[in-house]
Student: 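Below is a structure I'd like to ask you about.
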There are 2 protein chains.
Amino acid sequence: MARFIPQGEIVPKGQEELCPVTYTQNLTAGKWKITILWHLSKQTRRFNELQRLLPGISKGILTRQLRELEEEEMVHREVYKEVPPKVEYSLTPKGKSFIPVLNIMGEWGNEHMKSNQKELKPVTKD
Amino acid sequence: MARFIPQGEIVPKGQEELCPVTYTQNLTAGKWKITILWHLSKQTRRFNELQRLLPGISKGILTRQLRELEEEEMVHREVYKEVPPKVEYSLTPKGKSFIPVLNIMGEWGNEHMKSNQKELKPVTKD
DNA sequence: CCGCATCCCTAGTGATACTG
DNA sequence: CAGTATCACTAGGGATGCGG
């Protein structure tokens with residue numbers, strides 16, 4: 001779907017192999033995906049809740065980002081057949097297993113981003 | 001430059017703060033950046049060497065990716081004033097400090113990417 | 001309430017020709 | 001050798017309106 005980058009020298013022929021790091025990178029390449037994962041790591045959320053938590057995102061975009069995370073099995077979508085409809089999103093085991101990676105990235109980012117302010121919020125802590 | 005994603009709820013006013021995880025993500029968001037960092041983590045490379053190591057990349061793109069990594073202080077550019085010109089690229093301390101993050105991402109990717117083949121090359125091991 | 005379909009727009013990539 | 005400049009192209013984001 002996104003851009004899959006073969007490692008180059010190890011690519012066989014037309015069978016392009018994917019570097020695991022690049023795979024991980026591409027998983028969260030969507031503009032809102034990391035933030036979505038972060039919110040869902042704290043609690044299950046309904047569609048409209050997520051939209052409110054992500055100021056500026058439109059329904060269409062939110063839907064697409066969630067669908068892609070679903071396809072990658074990072075996010076679980078639970079549909080309640082009620083009227084009015086109710087849909088809840090949560091992390092799958094795979095999604096939960098990604099939280100430590102988020103933490104590492106956050107730690108490194110905190111140490112290395114040129115911050116005018118000295119302290120920045122850790123994204124995975126409450 | 002790239003897309004900087006404010007965390008949303010903690011954004012002050014027009015002063016948008018950046019989530020450290022998102023910062024890290026954006027640093028390596030270029031299509032070839034991770035692969036470039038990987039190659040440079042193994043050894044210093046000249047411009048043409050890098051181009052040969054990245055099949056399909058054009059000079060213009062390679063230049064821009066390198067310039068951006070330079071601006072972020074991930075990569076050091078050493079120019080030798082000779083004829084013909086010679087330029088060598090290597091990792092800065094910041095760039096080197098990122099290698100463990102690459103490793104974590106690689107490990108997670110290896111465990112979770114749906115691989116038809118059972119084993120995939122670790123990107124940072126020789 | 002949730003989401004899809006559609007269209008527009010921009011950023012980023014790709015390709016080529018030219019230069020110190 | 002190591003770029004720069006230019007243009008074309010594409011993927012992805014954003015906005016809106018309709019539908020179950």
Side-chain angles (χ1 to χ4, degrees), chain A residues 1-6 8 16 18 22-23 25-37 39-40 44-72 75-90, chain B residues 1-6 8 16 22-23 25-36 39-40 44-72 75-90:
Chain A
M1 161 171 328
R3 311 158 299 178
F4 285 137
I5 308 156
E16 300 190 338
L18 180 58
T22 303
Y23 166 78
Q25 163 83 354
N26 285 336
L27 266 196
T28 54
K31 177 165 171 183
W32 304 89
K33 285 182 186 170
I34 281 183
T35 312
I36 290 173
L37 291 175
H39 283 297
L40 293 185
T44 295
R45 292 289 190 182
R46 300 183 57 177
F47 186 87
N48 272 358
E49 285 181 319
L50 280 175
Q51 191 175 11
R52 253 174 277 121
L53 290 170
L54 306 173
I57 198 175
S58 67
K59 291 182 176 186
I61 295 297
L62 180 53
T63 300
R64 265 164 48 186
Q65 302 273 306
L66 286 170
R67 287 296 170 281
E68 290 177 18
L69 287 170
E70 233 188 308
E71 283 174 28
E72 297 292 351
V75 160
H76 172 69
R77 179 168 176 258
E78 185 74 34
V79 183
Y80 298 87
K81 297 198 172 88
E82 310 171 356
V83 181
K86 171 181 169 185
V87 180
E88 282 187 344
Y89 292 92
S90 57
Chain B
M1 153 174 333
R3 311 156 298 179
F4 286 136
I5 307 157
E16 301 191 337
T22 303
Y23 165 78
Q25 163 82 355
N26 285 337
L27 266 196
T28 54
K31 178 165 172 183
W32 304 89
K33 285 181 186 169
I34 282 184
T35 311
I36 291 172
H39 283 297
L40 294 184
T44 296
R45 293 289 190 181
R46 301 182 58 175
F47 185 87
N48 271 358
E49 285 181 319
L50 279 174
Q51 190 174 11
R52 253 174 275 120
L53 289 170
L54 305 172
I57 198 175
S58 66
K59 291 182 175 187
I61 295 298
L62 179 54
T63 300
R64 270 173 35 195
Q65 302 272 304
L66 285 169
R67 289 293 172 283
E68 289 177 19
L69 287 170
E70 231 188 310
E71 283 175 27
E72 298 292 352
V75 160
H76 172 68
R77 178 168 175 259
E78 185 75 33
V79 183
Y80 298 86
K81 296 197 172 89
E82 311 172 355
V83 180
K86 170 179 167 185
V87 179
E88 283 188 343
Y89 293 93
S90 57

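The structure presented is a predicted model; accordingly, all values stated were derived computationally and were not measured. Below, chain A is the first sequence line, B the second, and so on; all start at residue 1.
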Student: Side chain of Lys59(A), heavy atoms from C-beta onward: which of dG3(C), dC1(C), dG20(C) has the nearest atom to it?
Tutor: dG3(C)
Student: Please pick, from dG14(D), dG14(C), dA2(D), the nucleotide with the shortest atom-to-atom distance to any side-chain atom of Ile61(A).
Tutor: dG14(D)
Student: Under 4.0 Å, heavy atoms only, any strand: does Glu49(B) hit a base, just the sugar-phosphate, or nothing?
Tutor: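 Touches nothing.
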Student: The side chain of Lys86(B) is closest to which nucleotide in this list: dA2(D), dG13(D), dG3(C)?
Tutor: dA2(D)
Student: Per the atom types in the model, does the base of dG12(D) pair as donor or acceptor with the side chain of Arg64(A) at under 3.5 Å?
Tutor: no
Student: For Trp32(A) and dG14(D), is the shortest distance between a side-chain N/O and OP1 or OP2 below 4.0 Å?
Tutor: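 Looking at the OP1 and OP2 atoms of dG14(D), one of them is under 4.0 Å from a side-chain N or O of Trp32(A).
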Student: Give the nucleotide from the list dG14(C), dG3(C), dG20(C) with an atom nearest to the side chain of Phe47(A).
Tutor: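 Among the listed nucleotides, the one closest to the side chain of Phe47(A) is dG3(C).
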Student: Base, sugar-phosphate, or nothing for Glu88(A), non-hydrogen atoms under 4.0 angstrom?
Tutor: nothing
Student: Of all the nucleotides listed (dG3(D), dG20(C), dC1(C)), which has the minimum atom distance to the side chain of Tyr89(B)?
Tutor: dG3(D)
Student: Just how far, in rounded Å, is C1' of dC1(C) from CZ of Arg52(A)?
Tutor: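 Between C1' of dC1(C) and CZ of Arg52(A): 11 Å.
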Student: Could you check which of dC4(C), dG3(D), dT16(D) has an atom nearest any side-chain atom of Ser58(A)?
Tutor: dT16(D)
Student: Looking at every strand, decide which applies to Tyr80(B) at a 4.0 Å heavy-atom threshold: base, sugar-phosphate, or nothing.
Tutor: nothing
Student: Salt-bridge test for Arg67(A) and Glu70(A): reply yes if a basic N is under 4.0 Å from a carboxylate O, no otherwise.
Tutor: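 Judged by the 4.0 Å cut-off on N to carboxylate O distance, Arg67(A) and Glu70(A) do form a salt bridge.
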Student: Ignoring the backbone of Val87(A), work out which of dC2(C), dC1(D), dG14(D) is nearest its side chain.
Tutor: dC2(C)
Student: Using side-chain heavy atoms (C-beta onward) and a distance below 4.5 Å, is Tyr23(A) in contact with Glu72(A)?
Tutor: yes
